[in-house]
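To start, the structure under review is shown below, and the notes come after it.
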Amino acid sequence: MISALFRNAVIYSPVDSPVPLSGVTQGHVTSYKKGALFCKNGIIEKVGEEEDVLRQLSSDEVDMEVNCEGSCLIPGFVDPHTHICFADRREQEFSLRIAGTPYLEILKAGGGILSSVHAVKKASEDELFESTLTHVLSALELGTTTIEIKSGYGLDTETELKMLRVIQRIRKETPLDVAITFMGAHAVPKEYKENPDEYVRLMIEEMIPAISQQGIAEFCDVFCEEGVFSVGQSRAILEAARKHGMKLRIHADEVHDIGGAKLAAELPTISAEHLLAASEENLKAMAHAGVIANLLPATAYSLRKPYASARRMIELSVPVALATDCNPGSCFTESMPFVFGLAVMNMHMTVEEALVGTTLNGAWSLGMEKKVGSLSVGKQADFLLLDGESPAVLAYHAGVSPVFAVYKKGVRVA
Ligand SMILES: [Zn+2]
């Protein structure tokens, strides 16, 4: 297909800006009641009210025409935070957890993140690819057209590289745009329990240089938390990654306010994740430094925790993006429609703010804002058709996915 015209759609899209959308612009969305979108070779060439778009087109320019029959058309979702490359499910652990079994007992029973590490080490590269592919294709069905995927269930050089190769293969063999993150600092491996600094040294001296030399990850992420990696250790890892040309992200202040958000603002990182316990002062510092808050409401839901204070962040002009955090432990979902619904219902974001959070701000947090995240001329024709008249249906029609068609670069892929 060379060119395609999608007409008779109710179009909603975030409005592009030179910076991520925050504060009053967090909900900056434009809409066309009877809209049309014209794309050529996968790139949007015209978008607007149908009569305006048609006036600018001659019929011989259009190879294919799709009548959207009044359904809602929005940009494809950008999921900027996942751990979707894994080899095991932890359903039994989930059952124990919801029955109230303390985490330490779960660990003793062989559960927790280290069981995922064990499973990834054991899996062949093909097995790990197949498992990852299943979940990534499920995300695509649910409307995710751009996804970030982290390593971090390897925790040794060889297995981290294996994960990154698998994620590279997902990038090559699926229609999705994939951002790749090295997260060797996801947990302290068992062998280094007594001497975590030694593991930090291994990452800085061996893993990061090897990954940078192979050019197989653009981002580096760290789990900065009490009992995992301290602020000092996180800083050392992220600074080393930056020296090797990687962009930075950080799991910050999820459980305890240990200063992860402050570190994010100081470095600065491109995004900071979770932020359930981040202090007001450190959120202000993030806003000042332009750090994007990647909020993960499905994790709060799954862990029965209070939600991050999205409203306060928006008041403080911190740009908010939304992500699934898809992983086999704390939050097993590939569904951005679910995340959208939670953001609106439980974090009190408006529909427009959640639309920006699930598309354009996510693209900003992956450095892909010029390519995806909104329906602007010159960007990829990545979009969804929804069974509804506005993006509100994503929260309104609960527990299902209203996404019935997914287009990537103008081609229907789900
Ligand atoms: Zn995470």
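Remember, it's 1-based here, ligands and their atoms both numbered in the order they're listed. Predicted model only: the values in this text are computed from it and were never measured.
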Residues 132-146 side chain polar contacts: donor-acceptor under 3.5 Å, at least two apart:
unit_1, atom_1, unit_2, atom_2, d
T132, OG1, L128, O, 2.7
T134, OG1, E130, O, 2.9
H135, ND1, E334, OE2, 3.0

Carboxylate-amine/guanidinium proximity below 4.0 Å for K284 and E281: no
When you compare the side chains of D16 and S376, does any donor N or O come within less than 3.5 Å of an acceptor on the partner? yes
What N/O/S atom of D325 gets nearest to the Zn ion (ligand 1)? OD1
Of all the N, O or S atoms in H81, which has the shortest distance to the Zn ion (ligand 1)? NE2
Does a donor on one side chain and an acceptor on the other come within less than 3.5 Å for H81 and H251? yes
Nearest 10° is fine: what angle sits at the Zn ion (ligand 1) between NE2 from H251 and NE2 from H83? 110°
Is H186 close enough that one of its N/O/S atoms sits under 2.8 Å from the Zn ion (ligand 1)? no
